[in-house]
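One structure below.
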Amino acid sequence: LKHFAVNNQEADRLRVSAVVDERTLREIYLAGFERVVRDAGPWTVMCSYNRINGVYASQDPWLLTEVLRHQWGFEGLVVSDWGAVDDPTAALPAGLDLEMPSTGGASAARIAAAVTAGTLDEAALDLAIARLLQLLERALPGVESDDEVDTDAHHSLARSIAAECVVLLKNEERLLPLSPDVKHLAVIGEFARTPRFQGAGSSKVNPTRVDDALTALRDGVGDDVTVDFAPGFGVDDPTVDAAALLDEAVQKAAFAHATFLLLRRPP
């Protein structure tokens with residue numbers, strides 16, 4: 001469960017401090033995490049890179065211990081985002097159990113030295129180790145179940161959630177819903193048939209099925225409405241003729257009663 005919390009920008013996310021009052025934190029930024037922790041009991045929570053009101057999330061005892069564990073009842077392991085730990089000797093007593101990735105023993109040496117010097121309570125280290133061992137005991141045997149995953153039901157649920165989350169920001173001149181007299185539509189944009197819905201690394205998933213806007217639109221309007229398509233731009237193809245794609249898109253849009261645009265960037 002990540003990234004805990006207020007990880008709401010990419011720019012300078014390793015150092016930025018999100019200044020948020022507690023009511024706003026509780027009602028907007030923490031509410032989703034609280035629901036999952038209380039209802040689903042996740043095994044792990046990953047803290048974010050950023051600071052919250054001046055304190056790094058990885059070493060914020062209010063966030064990782066007071067709120068997450070004492071108030072919400074989280075019993076799992078807290079792991080850092082990759083390279084998010086500024087000071088391991090401050091992160092450990094704050095409630096961070098596992099720093100990722102490995103620092104080649106540098107963080108372990110600092111923690112051991114702090115315990116030896118008496119500036120870090122050894123009980124905090126013991127507690128983190130106990131949580132790590134608990135995770136290993138949970139995860140190593142694997143998840144065994146005789147139940148088969150109903151991918152159709154999961155996909156249907158995902159579709160309904162996506163539909164309920166759509167927000168119409170502007171409807172100039174009452175353009176929507178389209179008039180029943182509209183019988184010729186144009187859809188412009190490669191993303192209409194090749195949706196880009198994820199990134200790389202930890203944001204990459206392997207879906208069982210992917211719906212695309214073009215197919216959904218054609219299925220939704222019925223046989224009496226013509227839906228033309230033009231990619232308008234290429235996706236990760238250096239050989240594509242951009243001018244030809246643009247010309248085709250202009251022609252398709254010119255003959256349509258209404259045009260849907262799925263762009264890479266604002267026009």
Side-chain angles (χ1 to χ4, degrees), residues 1-10 13 18 20 23-50 57 63 67-68 71-76 78-79 81 138-139 143 145-172 174-178 185 187-222 225 227 229 235 258-266:
L1 179 64
K2 63 181 186 180
H3 301 83
F4 192 59
V6 203
N7 179 57
N8 288 71
Q9 70 178 62
E10 288 295 298
R13 65 175 180 164
V20 192
R23 179 176 179 179
T24 305
L25 276 171
R26 297 277 190 178
E27 295 183 0
I28 297 178
Y29 296 103
L30 300 183
F33 289 100
E34 180 179 8
R35 177 179 178 183
V36 175
V37 169
R38 291 186 183 276
D39 293 351
W43 289 357
T44 58
V45 168
M46 178 185 285
C47 66
S48 55
Y49 286 112
N50 53 281
L63 183 72
V67 173
L68 181 61
Q71 297 179 12
W72 298 351
F74 178 66
E75 296 180 347
V78 176
V79 59
D81 204 341
R138 285 173 163 175
V143 179
S145 174
D146 295 330
D147 297 331
E148 293 185 3
V149 176
D150 189 340
T151 56
D152 290 337
H154 284 206
H155 187 76
S156 178
L157 175 61
R159 279 180 61 110
S160 65
I161 292 172
E164 291 177 7
C165 289
V166 171
V167 177
L168 178 62
L169 297 181
K170 186 182 294 186
N171 193 17
E172 291 183 346
R174 302 178 66 85
L175 178 64
L176 296 176
L178 293 176
L185 302 176
V187 178
I188 309 299
E190 181 60 44
F191 291 154
R193 66 177 178 183
T194 312
R196 178 164 290 178
F197 57 94
Q198 61 181 329
S202 61
S203 65
K204 181 175 176 59
V205 298
N206 297 312
T208 58
R209 192 185 316 166
V210 176
D211 290 334
D212 64 84
L214 180 60
T215 301
L217 182 61
R218 282 174 169 163
D219 291 343
V221 297
V225 177
V227 180
F229 169 75
V235 177
T259 301
F260 294 87
L261 300 176
L262 288 87
L263 303 175
R264 289 182 294 183
R265 60 182 65 88

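Index from 1, following the sequence. All values derive from a computational prediction rather than experimental measurement.
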Closest contact, heavy atoms only, [X] versus [Y]:
X: Arg218; Y: Val227; answer: NH2-O, 3.0 Å
X: Val210; Y: Pro207; answer: CG2-CG, 3.5 Å
X: Phe229; Y: Gly189; answer: CE1-O, 3.2 Å
X: Val78; Y: Phe74; answer: CG2-CE2, 3.9 Å

Any side-chain heavy atom of [X] sitting closer than 4.5 Å to one from [Y]?
X: Phe4; Y: Leu30; result: yes
X: Tyr29; Y: Asn8; result: yes
X: Asp152; Y: Arg209; result: yes

So, does [X] use its side chain to make a donor-acceptor pair with the main chain of [Y] at under 3.5 Å?
X: Asn171; Y: Leu176; result: yes
X: Arg13; Y: Tyr49; result: no
X: Asn50; Y: Ala5; result: yes

Around atom [atom1] of [X], are there more than 12 heavy atoms from other residues, nucleotides or ligands closer than 6.0 Å?
X: Arg23; atom1: CZ; answer: no
X: Gln71; atom1: CD; answer: yes
X: Arg35; atom1: CZ; answer: no
X: Arg159; atom1: CZ; answer: no

Drop me the distance from [X]'s [atom1] to [Y]'s [atom2], to the nearest 0.5 angstrom.
X: Ser48; Y: Leu63; atom1: OG; atom2: CG; value: 7.5 Å
X: Leu214; Y: Leu262; atom1: CG; atom2: CG; value: 9.0 Å
X: Glu190; Y: Asp212; atom1: CD; atom2: CG; value: 10.0 Å
X: Trp43; Y: Leu1; atom1: CH2; atom2: CG; value: 14.5 Å
X: Arg38; Y: Phe33; atom1: CZ; atom2: CZ; value: 15.0 Å
X: Asp81; Y: Met46; atom1: CG; atom2: CE; value: 5.0 Å

Inset, instruction - Give the C-alpha distance, both sets of side-chain angles, the deciding distance and a yes or no for side chain to side chain contact (heavy atoms under 4.5 Å, CB included) between Lys2 and Asn7. - result: CA-CA 9 Å; Lys2 63 181 186 180; Asn7 179 57; over 6 Å; no
